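Okay, structure first, notes after.
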4 protein chains.
Amino acid sequence: MTPIRRYGLETPDVNGGKPLRADARRNRARVLEAADDVFAAKGVSASTEEIARRAGVGVGTVFRHFPTKEALLQAVLVERFGRLAEQARGLAGAPAPGPALFDFLHHIVAQSATKNVFTDALTKAGVEVEEMVAEVGRELWSALDTLLTRAQGAGAVRDDIRTGEVIAVIVGASRAAEYAGRDPDLQARAVAVIFDGLRPGPRP
Amino acid sequence: MTPIRRYGLETPDVNGGKPLRADARRNRARVLEAADDVFAAKGVSASTEEIARRAGVGVGTVFRHFPTKEALLQAVLVERFGRLAEQARGLAGAPAPGPALFDFLHHIVAQSATKNVFTDALTKAGVEVEEMVAEVGRELWSALDTLLTRAQGAGAVRDDIRTGEVIAVIVGASRAAEYAGRDPDLQARAVAVIFDGLRPGPRP
Amino acid sequence: MTPIRRYGLETPDVNGGKPLRADARRNRARVLEAADDVFAAKGVSASTEEIARRAGVGVGTVFRHFPTKEALLQAVLVERFGRLAEQARGLAGAPAPGPALFDFLHHIVAQSATKNVFTDALTKAGVEVEEMVAEVGRELWSALDTLLTRAQGAGAVRDDIRTGEVIAVIVGASRAAEYAGRDPDLQARAVAVIFDGLRPGPRP
Amino acid sequence: MTPIRRYGLETPDVNGGKPLRADARRNRARVLEAADDVFAAKGVSASTEEIARRAGVGVGTVFRHFPTKEALLQAVLVERFGRLAEQARGLAGAPAPGPALFDFLHHIVAQSATKNVFTDALTKAGVEVEEMVAEVGRELWSALDTLLTRAQGAGAVRDDIRTGEVIAVIVGASRAAEYAGRDPDLQARAVAVIFDGLRPGPRP
DNA sequence: CATGAATGAGATTTCATTCAT
DNA sequence: TATGAATGAAATCTCATTCAT
């Protein structure tokens, strides 16, 4: 029973709560992965047909697992948020809280670099995203909160920062990285500058 | 010498260089403003029909002034970039170079707060934006460069920063602000944190 | 009082029967000529805007002279039919009736080679073309009838041919010429073969 | 070995070469037939919507089978050309080569009587029609070439005629027939006259 | 009168979603 | 259950026609 399973990655009630057949579960995973890739590459306006093609299934199969395109997008986000939350929890006991936090921030940005979906969704998160995503989002928030508190305790982050700001800064850094596009040096410098804003006092 | 002529804000040569008739110019401006609002509120996938409705004109009028939707989007950007560049040039001789730069940065973010179009386009700028937008973008770049150099001369900005990074950071700050959405306090704090990354040494 | 004037080349009643001002008459002629060219080059689906551009006037002017696009097309045809009828009448007293007819036939085809409009209209003529065009058409029919009768009297055309067939054959020859397109040799041979069908001789 | 496969009547590779499902094949045929009828009745500017209506399917279905209107028109032509080529080949061994050719010519004209599409396309054929149509056109050309040579061998057609002229003459006869419209007698006589031009005999 | 900007119905094309196979 | 064909609403764009300048 991984946290991922626990937080509703199944489309609710599509088959009345019965566990999915092995092949169905496999198809579901392939669709999810394909959707992640395609949304990342072409934005959320990419067609369902293309996702199906990439997943090697028919469109009908996509809609069997995710009743609407919106639901598919949310499932992609739940998946991502869930993974990130899990990774954050794994860092909660790290010996060096400062580097633990900053490494995690860079990890998120690296993941999102060309993946506008992720931050798009985070941006809308407070407004209209469904409960399921919101719940996994709270998991992530909470894990991040722990990392932040510990980093502040270690003097690696300014005291006047709270988790909300950190998330906003992550969103910003991801977008800056996306903007920097094909220039990896510029990307690295811009992200570094943004995260430096979180650090206290004189720069290391 | 209207600012409009000077900053190239017109679609080039749609009617062979003749000046627009009074009513046409009025409608063009209304369409542009409506497009800016609608793109900002609903993203670039908002329909042309809605823009026409908001501008109080028929769709045909929109297409008369801007032959494709893409052209309309570009005109919106040219307009924005042009205005920003003009403002940046206006600050070039300001007595306090540090505040001049930071005020300008905040100004851009304030303008873009809920207007993803702007940074969306900046993000694509290096890749596929047309020459006209690119040109106005270069004007902005150059004006920003001046402000940055003077702020560094005044010790208000780290010496290892270049204009490219500043633009990436602006993009990031704009997106962070957009994310912060309805919480103005969070918005202000997140943007402040991000721009603090540009400042040298110990934080004020 | 040319036949051209006589057969209704003016749009009926656009200005209550008053004679057109000199500049208006000039514009009307330019529009007519431009329409002929443009319809010929691009087919009847060419836009009114393009015709206006070619005529060097505004669209409004086109519509002032010809209340609908259909009316403009008809005026073009009336013009053409009228000119042809006039030329046919001029040949009525020619010393060699056979060559007179065949030269006239080739003349029509040469004129129509790339001008589908003309034969398009002839094709619809029996069905739905307006009275004005029909009237000028009858003029042409009658002039052609004279040429045909004389050519048959001279033994240059089969006796079992009537004017209706000749017109149909003209339409066919024009289209064959149009088909032959860029190959002038093929064009000449095909048209010659078709008109040879009108000549007397042993038929298997 | 269906004639359909053999004569390339299918849109190539729209679904990766897999055979169409039964219902899809049925719909495709209905669309093609409806398009043929509608194009014939109203010309190529008839709307896709009307074709869909006539076929009893949604517009989407038309576009699934034929990605553009142009593609649909071409498919109609390929269908027709293919059928004609097949029929021509069927006549290649006929005992009386003269009548075989002339019967075939009349057959084409009868088919095209009210169907301007066919000759419209033939007219443009040398210029811009796509490869697929051109290929089927070559098949037709080649079959016709055989018929012609044999008819000339039998002394039923002038020796100075080549296949190119025959095709041009067919186009002309079809248009003459179309022109003759509602008068079947006139139609028959005009077509006969035109084809008589192909027969041998004294030419003045 | 001339102009060309504005209009809006209609054309082509796309795509999320449904449903027969 | 999986498939992909069918659907039709909606989007972009065109153009004959009207009307303010």
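Model, not experiment: these values are computed from the prediction.
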_Rounded interatomic separation in angstrom, taking CG from B:L73 and P from F:dC13_ = 12 Å
*What does F:dA20 pair with, Watson-Crick or G-U, if both distances are under 3.5 Å?*
E:dT3
*E:dA6 phosphate, OP1 or OP2: any side-chain N/O from B:H65 under 4.0 angstrom?*
yes
*Round to a whole Å and report the spacing from CZ of D:R25 to P of F:dG4.*
16 Å
*Calculate the interatomic distance between B:E50 atom CD and E:dG8 atom C1'; express it in whole Å.*
18 Å
*Please round to the nearest 0.5 Å and tell me the distance separating atom NE2 of A:H65 and atom CZ of A:R25.*
11.0 Å
_OP1 or OP2 of F:dA5 versus the side-chain N and O atoms of D:R64: is any pair under 4.0 Å?_
yes
*Map C:V57 and B:V62 onto DNA chain E by nearest heavy atom, then report which one ends up closer to the 5' terminus.*
C:V57
_Steps toward salt bridge (Lys or Arg N to Asp or Glu O under 4.0 Å) verdict (C:E33, C:R54)_ = CA-CA 9 Å; C:E33 190 178 1; C:R54 164 86 73 127; over 6 Å; no
_Nucleotide paired to F:dG8 in any strand shown, Watson-Crick or G-U, under 3.5 Å_ = E:dC15
*Distance below 4.0 Å between B:T61 side-chain N/O and E:dA5 OP1 or OP2*: no
*Take atom CG of C:L72 and atom C1' of F:dC15, then tell me their distance rounded to the nearest Å.*
14 Å
*So, is A:N27 close to the F:dT1 phosphate, meaning a side-chain N or O under 4.0 Å from OP1 or OP2?*
no
*asked:* Can you measure A:R30 atom CZ to F:dT3 atom C1' for me and round it to whole angstrom units?
replied: 14 Å
*Could you tell me the separation between the CG atom of D:D36 and the CZ atom of D:R80, rounded to the nearest 0.5 Å?*
4.0 Å
_Nearest-Å distance for atom pair CZ/P, residues C:F66 and E:dA2_ = 12 Å
*asked:* Test of understanding: with side-chain contact (heavy atoms from CB on, under 4.5 Å), list the residues that count as partners of A:A52, not counting sequence neighbours.
replied: A:V57, A:V59, A:V62
*Mind listing the closest non-hydrogen atom pair of C:L72 and C:F39 along with its distance?*
CG-CE1, 4.4 Å
_So if I define the base as every atom that isn't primed, P, OP1 or OP2, how would nucleotides 13-21 of chain E read as a B/S/- string at a heavy-atom cutoff under 4.0 Å?_
BB-SBB---
_Atom pair OG1 (B:T61) and CZ (B:R30), whose distance is rounded to the nearest 0.5 Å_ = 10.0 Å
*Interatomic distance where CZ belongs to B:R28 and C1' belongs to E:dA6 [whole Å]*: 16 Å
*Side chain of D:A24 only, please: which of F:dA5, E:dT3, E:dC1 is the nearest?*
F:dA5
*asked:* Just so I know, are the side chains of B:T48 and B:F63 near enough to count as touching, which here means a heavy-atom distance under 4.5 Å?
replied: yes
*Round to the nearest Å and state the distance from C:R53 atom CZ to E:dT3 atom C1'.*
15 Å
